[in-house]
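Position 1 is the first residue of the sequence, and the numbers go up from there.
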Amino acid sequence: AAQWIEVVEQVARDFDARRIMVAVTGGEPLIKEGVYDLFDALRRNGFRYGMVSNSTRLDATAARDLVRVGMGSISLSMDGPPELNDRLRGKGASAKTTAAIQHLKDAGYRGKLEILSTLTTPTIDTLEAMRAWIAAQRVPLWRLAPVMPIGRAEDHPELVPEAADVRRLLEWIRAA
């Protein structure tokens, strides 16, 4: 974290930090030692910043810490309705996302909150159910991103949507 903070401070000296958006991602940024110090350095130096979380570490304490350091945006990964999401991301993943949403609300989080869904072949037929789940959670934003055939998805071509699937997604978005 100390090295990243040095980078943040150097960039802030060399550029207008207010014009730069920093996205902190990883597997789960909250497992990294010193991450809140990094977030605080981003805030102190005038950067807009946010993070992508898989919700596994976003408990009540983490939510309060994120509010304290001025986290601007949080994207919580959830790919489909709870049963499908747990099949894709592991048992209990959906409950952790649901809990993370509540922890953020309880902590008074006022930044941008969104659900980030990686679109895979199995999730295409669940878009309406997923939209209903997000609405029930009262999360204002939803971002869909088709999976790319890289990383783990490279070993699972059955997850990568074909052209017809992407067309169905686009048609669903237009109709929605």
Side-chain angles (χ1 to χ4, degrees), residues 18 20-32 35-36 38-40 42-43 46-148 152-153 159 161 165-176:
R18 295 170 299 171
I20 299 171
M21 173 66 183
V22 177
V24 181
T25 171
E28 173 52 53
L30 298 179
I31 67 172
K32 302 295 185 188
V35 73
Y36 294 104
L38 173 61
F39 293 154
D40 195 44
L42 288 164
R43 180 189 54 77
F47 288 91
R48 292 177 299 127
Y49 67 101
M51 66 175 272
V52 177
S53 173
N54 64 20
S55 303
T56 59
R57 300 292 176 100
L58 213 163
D59 59 14
T61 300
R64 287 189 301 272
D65 286 340
L66 291 169
V67 169
R68 175 183 54 80
V69 299
M71 179 61 64
S73 69
I74 300 174
S75 302
L76 300 176
S77 298
M78 178 121 173
D79 297 337
E83 183 179 309
L84 176 57
N85 188 68
D86 283 1
R87 245 186 11 248
L88 296 169
R89 290 192 170 261
K91 187 176 180 181
S94 300
K96 288 182 180 182
T97 299
T98 303
I101 293 165
Q102 191 59 52
H103 293 315
L104 289 164
K105 289 177 181 179
D106 292 346
Y109 179 71
R110 299 283 180 253
K112 181 176 132 181
L113 178 61
E114 73 177 359
I115 296 297
L116 172 58
S117 298
T118 301
L119 182 75
T120 59
T121 302
T123 63
I124 291 172
D125 290 330
T126 67
L127 292 170
E128 195 57 45
M130 186 61 182
R131 183 167 85 163
W133 183 88
I134 292 168
Q137 303 308 308
R138 311 221 19 104
V139 174
L141 301 168
W142 182 21
R143 181 167 34 128
L144 289 164
V147 70
M148 301 302 290
R152 287 183 290 168
L159 294 178
D165 297 323
V166 174
R167 178 178 297 281
R168 284 176 45 215
L169 166 67
L170 294 173
E171 289 171 356
W172 183 85
I173 290 170
R174 181 175 49 200

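- The shortest distance between side-chain heavy atoms of V147 and P161 falls below 4.5 Å.
- When each of R48, M51, E114, K112 is tested with S73 by the rule side chain to side chain contact (heavy atoms under 4.5 Å, CB included), just one qualifies, namely K112.
- Looking at R57 and E28, no side-chain N of the basic residue comes within less than 4.0 Å of a carboxylate O on the acidic one, giving no salt bridge.
- For the residue pair N54 / S77, no side-chain donor-acceptor distance below 3.5 Å is found, with atom types taken as modelled.
- In this structure a side-chain-to-backbone donor-acceptor pair under 3.5 Å is missing from Y109 to A63.
- Other residues, nucleotides and ligands contribute at most 12 non-hydrogen atoms within 6.0 Å of the CD atom of E83.
- Residues V139 and L76 form no side-chain contact, since every pair of their non-hydrogen atoms from C-beta on lies 4.5 Å or further apart.
- When I115, L88, T126 are each tested for a side chain to side chain contact (heavy atoms under 4.5 Å, CB included) with D79, only one passes: L88.
- Here the side chain of S53 pairs a donor or acceptor atom with the backbone of S55 at under 3.5 angstrom.
- No hydrogens or angles considered: a donor-acceptor pair under 3.5 Å links the side chains of N85 and S94.
- Under the 30°/60° scheme for interplanar angles, the aromatic rings of W142 and W172 are found to stand perpendicular.
- Looking at heavy atoms from C-beta onward, L127 lies out of side-chain contact with M130 at the 4.5 angstrom threshold.
- Residues I124 and L169 have side chains not in contact (no heavy-atom distance under 4.5 Å, counting atoms from C-beta outward).
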